[in-house]
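The figures that follow rest on heavy atoms only: side chains count, while hydrogens, waters and symmetry mates do not. Numbered from 1 within each chain, the chains take letters A, B, ... in sequence-line order.
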Amino acid sequence: MSAVSHLLDTLNPPQQQVVCHHRGPLLVLSGAGTGKTKVLVHRVAHLIEQKKTDIQHILAVTFTNKAANEMKQRIQSLLRLNRLDNLWMGTFHAICHRILRIHADDIGLPKHFTIIDANEQIRIIKTILKEYPSDVASFEPKMIVNIIERWKNKGLHPEDLLHQGDHKPNTQKIQQVYEHYQKALNTYHAVDFSDLILRCVDLLQKNREILAKWQSRWTHILVDEYQDTNTIQYLWLRLLAQHNHNICCVGDDDQSIYGWRGAEVSNILRFEKDFPKAQIIRLEQNYRSTPEILTAATSVIQGNKQRLGKTLWTEKKSGDKIKVYEFYDSQIEANSLSQQVADALDSGYKPDSIAVLVRTSAQTRAIEESLNYYQLPYRVVGGMRFYERSEIRDVLAYWRFSLYLDDDLALIRIINTPKRGVGPKALDKLTALARQNQTSLFIGIETAVRDGHISGKAYQTLALFCQQARQWHTWLQTLPHQEAARQILEDSGYLALWHKNRDIVATSKQENIDELISTLKNYETMPQFIDHVSLLTQADQDEDTQRVSLMTLHSAKGLEFDVVFLPGWEEALFPHKIALEENGQHGLEEERRLAYVGITRARKRAVITYCTRRLMYNQWIPSQASRFIRELPEDVIEFITQTPSQARVLPPPPVKKLSSFHAGDSVEHTTYGNGVIRHVDGDRLDILFKSGAKKILSSYVKKL
DNA sequence: TTACCCGTTTTTTTT
DNA sequence: AAACGGGTAA
């Protein structure tokens, strides 16, 4: 008997096995912790092992790249395979990206089109808005981007909006900006995130042969986290599955938390209509949590009216009650949380089986400070992402531009970094010139230099720059790519920008750049690296080290931990007031699903906390318990209140004794690095860092 | 063109 | 508290 057939028996009969064997459209409505990932992994493994299906005929869509990697690994170890190169598994965006690159010619994109991020979107919108009359120009660029995204998520192009008959004056104006924005993207040979999918759908719809090719290629389509699929993604799936009808979607309507990104639960209902023979299977046995946790989660989610409805049950043994704490303020909440983390570690839980899940990323700051103070090992998941740092984007732009001299967006980013005396004015002129001649910006600049269109100061630097750029381009063709990459940064004077500066910020930027250069060796060529990087969102750093995870509820989707802390359950923060203001009842229900996701991440212990005052914008704002706390069933919770007088006393200092400080001691600060104490003033230390002197609370520094 | 001052805003959630 | 933007002087 083969390994997998044997493993199928370890699945929990009967439904889980049915999912693995089923052919034809299948919708798996499964609750939290019912083993849906396991089922998907086994289904794919089973298909591959039976040899009836070649790996390349399977398409599996996951919600994050990380989830895809994990699933691949699990399949590999099940089948004892080394590689799964021909398996198409990844996010909608990654898969559409691959398809678009194959068919770039068919839709008039260059092979190396650029994918722009949110910052670049806003920058482009800003420049566009300048050309409009004052009423439009005063629109918030971010709002415009949001509206355009919403349209794109529904598959609406600028011209579709004209036929829609929405004649609100603002809609018409924004429609024009949308049209303008798409033109700008075209001239930059760029697409935004939503375009990856939208343009892929366009490609498939307009080109029957290409559609047929992909339809017949994929005999099996699997979709995870189906509840978070938006309209355009659904259209894409439907196009591809229409031929074979062999599509298996797994999702939980109670965990739909991306409505603001266009996800529609109605896609679940649509599925039954578009695939009439679809079978629906419900997985309702939870294998993850204690009955207490499950009861609490179920009770909260029952507050929602719009549910497909299912009843989760478990055979697990009874465990701890869910603790609900009220604290005097958010600092005390953070400190108490640290202590409880320390307790959990003491009682044997591994750091990576503990998580702190917050509603907004702003909450992480206070918690981080406290975890630092108590010297607990933690990691912020999805915080300031590596590839979003300005120095990393600069370096990537240098490389991208050197590789593709016609990449105008990259050029614009780096042309005046370091300063070459080319400001917005000069850039406007050069752009206009390039557009006039129908050339890329770089060629435009070269012409301008040759024909002497530029005056004194900028002329010198630009002439040099053009020569250098040609040189960089050649280097990438002739030298080993890692070497070329470094030389470009040297030669351009970009590295010197940070070398000059001795402060801690510059040092960390240098380190980041070094790290980026060293990752180049994992790729064979520069184009390969650039392609890969444009879709990376989370740098999977120090995965191997044992740390407590600190992240938002949204990024915790699909994960599970033994112990879960849920701080900040207060009205206005959770449910967030913007969600209520903008989306009313729907907003509230989505927040409630978020609460459900939070609680159900826990295997053994869940701790919910709130406080009566919270520090916001450096001001103390009174707060009150979230309505979700009232929705918890009393018999599974243990309620603990700290009175203000108790709360005023700060918890004792770290488990390890806090060393007393003296002038002359060397200390370390997580942000500012190493420094020397000049003067001690009670709890405040006057420290000389490389970046300059700072007065810092003793609790934030470590004695060396 | 850039550097600096001063007043204003910032906190949903992410592929 | 810290980041951002508009305005102005050099």
Side-chain angles (χ1 to χ4, degrees), chain A residues 61-68 90-97 115-119 121-122 126 140-142 145-146 149 152-153 191-198 224-225 228-230 232-233 256-263 330 357-366 369 381-385 387-388 390 416-428 455-458 461 534-538 551-558 568 570 572-583 587 590-591 593-595 597-598 614-619 621 671 694-697:
Chain A
V61 186
T62 56
F63 194 72
T64 61
N65 290 319
K66 207 176 140 200
T91 59
F92 280 106
H93 295 89
I95 287 163
C96 287
H97 184 206
I115 302 168
I116 61 166
D117 67 5
N119 292 329
Q121 277 183 302
I122 288 177
K126 268 185 193 163
E140 199 60 51
K142 212 170 156 190
V145 172
N146 284 340
E149 290 278 275
K152 286 187 174 179
N153 285 337
V191 300
D192 60 28
F193 261 93
S194 325
D195 274 342
L196 287 173
I197 301 174
L198 185 58
D224 198 4
E225 307 286 5
D228 291 316
T229 305
N230 63 33
I232 189 74
Q233 290 165 338
S256 163
I257 54 177
Y258 283 90
W260 50 275
R261 223 171 64 183
S330 47
L357 310 181
V358 294
R359 178 59 188 50
T360 69
S361 40
Q363 285 169 261
T364 57
R365 187 132 150 207
E369 281 178 0
V381 178
M384 176 59 169
R385 295 184 192 101
Y387 286 96
E388 278 172 18
S390 64
N416 207 28
T417 322
K419 305 269 182 261
R420 296 192 176 88
V422 184
K425 279 269 160 58
L427 195 58
D428 277 353
S455 50
K457 205 167 130 206
T461 51
S534 54
L535 268 181
L536 269 193
T537 44
Q538 285 181 11
M551 65 180 112
T552 63
L553 287 161
H554 282 87
S555 16
K557 190 164 81 143
E570 290 141 41
L573 181 61
F574 190 42
H576 200 282
K577 73 166 192 286
I578 298 177
L580 301 185
E581 278 163 13
E582 288 186 356
N583 295 309
E590 184 152 311
E591 296 285 294
R593 291 193 289 271
L594 211 42
V597 168
R614 180 166 291 276
L615 197 59
M616 276 176 126
Y617 315 125
N618 213 31
Q619 271 191 319
I621 308 291
T671 320
K694 295 218 160 44
K695 286 214 191 289
I696 288 188
L697 258 156

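- Distance from the side chain of A:Thr552 is smallest for B:dT13 among the nucleotides B:dT13, C:dA1, B:dT11.
- No aromatic stack links A:Trp260 and the base of B:dT12, using centre distance under 5.5 Å and interplanar angle under 30°.
- Residue contacts for A:Gln233: at a heavy-atom cut-off of 4.0 Å it reaches no nucleic acid atom on any strand shown.
- Between A:Ser555 and B:dT14 there is a side-chain N or O to OP1 or OP2 distance below 4.0 Å.
- In this structure, of B:dT11, B:dT13, B:dT15, it is B:dT15 that holds the atom nearest to the side chain of A:His93.
- For A:His554, the listed nucleotide lying nearest its side chain is B:dT14; candidates were C:dG5, B:dT15, B:dT14.
- Counting atom types as modelled, A:His576 pairs no side-chain N or O with a base atom of B:dT12 as donor and acceptor under 3.5 Å.
- Screening A:Asp192, A:Asp195, A:Val191, A:Ile122 against A:Ile116 for a side-chain contact (heavy atoms from CB on, under 4.5 Å) leaves a single residue, A:Asp192.
- One atom, NZ of A:Lys142, and another, C1' of C:dG5, lie 15 Å apart when rounded to the nearest Å.
- One C1' atom belongs to C:dC4, the other to B:dT11, and the distance between them is 15 Å to the nearest Å.
- Between the NZ atom of A:Lys577 and the P atom of B:dT10 there is a distance of 11 Å, given to the nearest Å.
- Distance from the side chain of A:Lys126 is smallest for C:dG5 among the nucleotides B:dT12, C:dA1, C:dG5.
- At the phosphate of B:dT14, neither OP1 nor OP2 sits under 4.0 Å from any side-chain N or O atom of A:Thr64.
- Residue contacts for A:Ser194: at a heavy-atom cut-off of 4.0 Å it reaches no nucleic acid atom on any strand shown.
- Residue A:Arg365 is classed as a sugar-phosphate contact, given heavy-atom separations below 4.0 Å to backbone atoms only.
- For A:Gln363 and B:dT12, the CD to C1' distance is 10 Å, given to the nearest whole Å.
- Annotation: of the two residues near DNA chain B, A:Tyr258 and A:Met616, the 5′-most nearest-nucleotide partner is A:Met616.
- The distance from atom CG of A:Leu594 to atom P of B:dT14 is 10 Å, rounded to the nearest whole Å.
- Among the heavy atoms of the strands lying under 4.0 Å from A:Phe63 are primed sugar atoms or P, OP1, OP2 only; no base atom is included.
- Side-chain nitrogen and oxygen atoms of A:Asn618 include none within less than 4.0 Å of the OP1 or OP2 phosphate oxygen of B:dT10.
- Distance alone, capped at 3.5 Å, is enough to place a donor-acceptor pair between the A:His554 side chain and the A:Ile257 backbone.
- Applying the 4.0 Å criterion to OP1 and OP2 of B:dT15, one finds that A:Lys557 has every side-chain N and O outside that range.
- With ring centers used as reference points, A:Phe193 lies 6.0 Å or more from A:Phe92.
- Residue A:Tyr617 has its side chain nearest to B:dT11 when only B:dT11, B:dT15, C:dA2 are considered.
- The pair A:Glu591-A:Arg359 counts as a salt bridge, with a side-chain nitrogen and a carboxylate oxygen less than 4.0 angstrom apart.
- A 4.5 Å side-chain heavy-atom check between A:Val358 and A:Thr364 finds at least one atom pair inside the cut-off.
- One interatomic measurement links the two molecules: CE of A:Met551 to C1' of B:dT12, which rounds to 18 Å at whole-angstrom precision.
- Defined by atom type and a distance below 3.5 Å, a donor-acceptor pair is present between the side-chain atoms of A:Ser555 and A:Thr552.
- Regarding A:Glu149, its CD atom lies at a distance of 17 Å from the P atom of B:dT12, rounded to whole Å.
- Among B:dT2, B:dT15, B:dT12, the nucleotide with an atom closest to any side-chain atom of A:Asn416 is B:dT2.
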